[in-house]
Undergrad: 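Questions regarding the structure given below will be posed in turn.
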Amino acid sequence: MKWLPETGRNRKKVVMYFVPALLISFVMFGVTADPVEEDLAAVEEVEAEAPPEEETADEDAEREAEEQAARDAEEEAEREAQEEAEREAEEAAEREAEEEAAREAEEAAEKEAEEAAAKEAEKQAAREAEEKAAAEAEREAEEAAAREAEEEAARIAAEEEAAEQAAAEKAAAEAGTLSQQQAVEQAKNYISYTAFSKSGLVEQLEFEGYSNVDAVYAVDKIDVDWRAQSVLKAQDYLAYQAFSKSGLIEQLVFEGFSNEDAAYAVENITVDWTEQAVKKAQNYLDYTPFSREGLIEQLEFEGFSNADAVYAVDTIGL
């Protein structure tokens, strides 16, 4: 048998297991029990003096269990209290959130109502402004119509008066003075055998001794197609003198035709401009000497193209 240290519960076990073994030994071998009884008495006395270790341990365990139970109960109470506090806090937070949501909903509803009222007020103001503008526009339209009617009546009256005055002036003008009648006849004679621009015919009549007033009167009185006159004048020039296309336009403009009529005339006559370059080159050589390059430059200066100028110089053999 293993001996245990004599401390705590081990000592108690020694008493439990060792003492009965001695008693059994003494009985079996016929040994008197006096010493053992004395020892047992001593042990019992010791055990009587101190509480049994097993009872002490149970008491300690029971006490520890009670303390643990108390601690557990206290912790449970604290936990329940904490949970209760948390639950109350959550409920309070929920109530506060609900109250806040209710306040926000109320504020939102108030704001929405205010905005709706403001929009309705704006719409009402816009409708009123639109109605006012429509009424103002209608009034202005009526006034404008009245003014337009008055102006139209005045215009018609003025036109009638102007027409009457013009008719009277025309009648007086058509009669003309004797000098003006003579200028008209002179203008018709000129146009019958040669071409003139309008300004050229006025100048010709003035050259004949008519006043500018009579000359202008005569030119205005005759019926003339001045564009057709520009075509005839272009043909007259080409009948006795060579021209480049641009040179002939410049000559017609110089004669008093508009640039448009001169361009029209040049486009509506049949001309070989290359042949005109040959004629012009020969005309130059008939009255003055030229080098080949000099004559080419002179022809280009007259408005002929370089190709036509070179062709003309080659043709006349320079």
Undergrad: Measure the CD-CD distance between Gln186 and Glu208 for me, rounded to the nearest 0.5 Å.
TA: 5.0 Å

Undergrad: Lys198 and Asp220: side chain to side chain contact (heavy atoms under 4.5 Å, CB included), yes or no, with the steps?
TA: CA-CA 9 Å; Lys198 185 175 183 178; Asp220 287 340; 3.3 Å; yes

Undergrad: Show the numbers, then the answer: is there a side chain to side chain donor-acceptor pair (under 3.5 Å) between Gln124 and Glu128?
TA: CA-CA 6 Å; Gln124 181 63 27; Glu128 292 176 356; 3.2 Å; yes

Undergrad: Could you point out which residue of Val224, Thr194, Ile191 forms a side chain to side chain contact (heavy atoms under 4.5 Å, CB included) with Leu201?
TA: Ile191

Undergrad: Do the side chains of Asp314 and Arg292 get close enough for a salt bridge, i.e. N-O under 4.0 angstrom?
TA: yes

Undergrad: Taking 4.0 angstrom as the limit, do Glu75 and Arg71 come out as a salt bridge?
TA: no

Undergrad: Would you say Gln241 and Lys280 make side-chain contact, with heavy atoms under 4.5 Å?
TA: yes

Undergrad: Could you check whether any side-chain heavy atom of Val184 comes within less than 4.5 Å of a side-chain heavy atom of Lys188, counting everything from C-beta outward?
TA: yes

Undergrad: With rounding to the nearest 0.5 angstrom, report the CD to CD distance, Glu100 to Glu96.
TA: 7.5 Å

Undergrad: If hydrophobic residues (ILVMFWY) are linked whenever their side-chain heavy atoms come closer than 4.5 Å, directly or via other members, who joins Tyr311 in its cluster?
TA: Val278, Tyr284, Leu285, Tyr287, Phe290, Leu295, Ile296, Leu299, Phe304, Val310, Val313, Ile316, Leu318

Undergrad: Step by step, work out the side chain to side chain contact (heavy atoms under 4.5 Å, CB included) result for Leu205 and Asp214.
TA: CA-CA 9 Å; Leu205 291 173; Asp214 290 346; over 6 Å; no

Undergrad: At their closest point, which heavy atom of Phe196 faces which heavy atom of Gln229, and how far apart are they?
TA: N-OE1, 2.9 Å

Undergrad: Does the side chain to side chain contact (heavy atoms under 4.5 Å, CB included) test come out yes or no for Gln276 and Asp308, once each step is laid out?
TA: CA-CA 9 Å; Gln276 289 292 306; Asp308 287 345; over 6 Å; no

Undergrad: Is the CD atom of Glu130 crowded by more than 12 outside heavy atoms at less than 6.0 Å?
TA: no

Undergrad: Is there a salt bridge (Lys or Arg N to Asp or Glu O under 4.0 Å) between Arg127 and Glu120 once you walk through the steps?
TA: CA-CA 10 Å; Arg127 284 195 297 271; Glu120 183 61 28; 3.5 Å; yes

Undergrad: Roughly how far apart are Asn306 CG and Glu297 CD, rounded to 0.5 Å?
TA: 10.0 Å

Undergrad: Going from OG on Ser230 to CD on Gln235, what distance comes out if it is rounded to the nearest 0.5 angstrom?
TA: 9.5 Å

Undergrad: Applying the 4.5 Å side-chain criterion to the ILVMFWY set and letting contacts propagate, would Leu232 and Tyr264 be lumped into a single cluster?
TA: no

Undergrad: Are Lys233 and Asp236 within salt-bridge range, i.e. N to O under 4.0 Å?
TA: no

Undergrad: Taking C-beta and beyond as the side chain, do Leu178 and Gln181 meet within less than 4.5 Å on heavy atoms?
TA: yes

Undergrad: Looking only at heavy atoms, what is the nearest atom pair of Val219 and Ile222, with distance?
TA: O-CG1, 3.4 Å

Undergrad: What are the two closest heavy atoms between Asn268 and Val231, and how far apart are they?
TA: O-CG1, 4.3 Å

Undergrad: Are Arg139 and Glu143 close enough for a salt bridge, meaning some N to O gap below 4.0 Å?
TA: yes

Undergrad: Side-chain contact, heavy-atom cut-off 4.5 Å: Gln82 with Glu78?
TA: no

Undergrad: Given side chain to side chain contact (heavy atoms under 4.5 Å, CB included), test Leu252 with Tyr237 step by step and report yes or no.
TA: CA-CA 9 Å; Leu252 291 172; Tyr237 275 121; 4.2 Å; yes

Undergrad: Distance check, rounded to the nearest 0.5 Å: Glu94 atom CD versus Glu99 atom CD?
TA: 12.0 Å

Undergrad: Are Leu248 and Ile269 packed together at the side-chain level, in the sense that at least one heavy-atom pair is separated by less than 4.5 angstrom?
TA: yes

Undergrad: Just verifying a value: how many Å separate Lys279 NZ and Glu275 CD, rounded to the nearest 0.5 Å?
TA: 6.0 Å

Undergrad: More than 12 heavy atoms of other residues, nucleotides or ligands under 6.0 Å from CD of Glu161: yes or no?
TA: no

Undergrad: If Ile, Leu, Val, Met, Phe, Trp and Tyr residues are connected whenever their side-chain heavy atoms lie under 4.5 Å apart, and connections chain through other members, are Phe207 and Tyr193 in the same group?
TA: no

Undergrad: Working note: Gln282 + Asp286, criterion side chain to side chain donor-acceptor pair (under 3.5 Å); need CA distance, chi angles, decisive distance, verdict.
TA: CA-CA 6 Å; Gln282 189 62 57; Asp286 287 344; 3.2 Å; yes

Undergrad: Considering non-hydrogen atoms only, spot the tightest contact between Gly256 and Ser199 and give its length.
TA: CA-OG, 3.3 Å

Undergrad: Check whether any side-chain heavy atom of Glu250 lies under 4.5 Å from a side-chain heavy atom of Val253, and answer yes or no.
TA: no

